[in-house]
Amino acid sequence: MTYEVAITALADPTRRAIVDRLRHGPAPVGVVAKGLPVSRPAVSQHLRVLSDAGLVTMTPQGNQRLYSLAPGGIDSLRHYLDSLWDDALAAFQRAAQDQAKQKGTKP
């Protein structure tokens, strides 16, 4: 998956709340939905979006479906954010070097 798909999926606050709940381990939709301000069918739809984005996996267990965070699901998003951080650090370094040159000192 591309980082754009992950960003789009995580743009919704309910989906972020679902991801936060799944950080504690696999859970059936009823447990995931408990206390959320949306219906259980809506949570199922959100889980589908997260699954389609590669962020969540579903494992059948008996008559339940357990949802969990997908291993490596955020890799593309993390690589994108890391590249932004690298760019920001490089820009900071260039600015510090430029300022040092203007003052006639070494950075």
Enquirer: Measure the shortest side-chain to side-chain distance between V56 and R48 over non-hydrogen atoms and say whether it is less than 4.5 angstrom.
Expert: no
Enquirer: Which heavy-atom pair separates L36 from A17 by the least distance, and what is that distance?
Expert: CD2-CB, 3.9 Å
Enquirer: Do you know which two heavy atoms are closest between A53 and A9, and how far apart they sit?
Expert: CB-CB, 3.7 Å
Enquirer: Locate the shortest heavy-atom distance separating A6 from L77; write the atom from each residue and the value.
Expert: CB-CB, 4.1 Å
Enquirer: Strictly by modelled atom types, are T57 and S68 linked by a side-chain donor-acceptor pair under 3.5 Å?
Expert: yes
Enquirer: T2 versus Y80: any side-chain heavy-atom pair under 4.5 Å?
Expert: no
Enquirer: Rounded to the nearest 0.5 Å, how far does CG of D75 lie from OH of Y3?
Expert: 15.5 Å
Enquirer: Grab the two heavy atoms, one from R21 and one from A33, that are nearest each other, plus how far apart they are.
Expert: NH1-C, 4.2 Å
Enquirer: Quick check for you: to the nearest 0.5 Å, what is the distance between R94 atom CZ and L89 atom CG?
Expert: 10.5 Å
Enquirer: Sequence neighbours excluded, which residues qualify as side-chain contact (heavy atoms from CB on, under 4.5 Å) partners of S44?
Expert: V29
Enquirer: Does the side chain of M58 reach to within under 4.5 Å of the side chain of L47, using non-hydrogen atoms?
Expert: no
Enquirer: To the nearest 0.5 Å, tell me how far R65 CZ sits from S51 OG.
Expert: 10.5 Å
Enquirer: With a 4.5 Å cut-off on side-chain heavy atoms, are L81 and I7 touching?
Expert: no
Enquirer: Applying a strict under-4.5 Å side-chain criterion to I, L, V, M, F, W and Y, I'd like to know whether W85 and F92 cluster together.
Expert: no
Enquirer: Atom OG1 in T14, atom NE2 in H46: separation rounded to 0.5 Å?
Expert: 4.5 Å
Enquirer: Is the shortest heavy-atom distance from the side chain of S76 to the side chain of R78 under 4.5 Å?
Expert: no
Enquirer: Please enumerate all residues that pass side-chain contact (heavy atoms from CB on, under 4.5 Å) together with V19, with sequence neighbours excluded.
Expert: L10, L50, L69
Enquirer: Hydrophobic clusters join Ile, Leu, Val, Met, Phe, Trp and Tyr when side-chain heavy atoms are under 4.5 Å apart, directly or via other members; which others share one with L66?
Expert: none
Enquirer: Rounded to the nearest 0.5 Å, what separation is found between the CD atom of Q93 and the CG atom of D98?
Expert: 10.5 Å
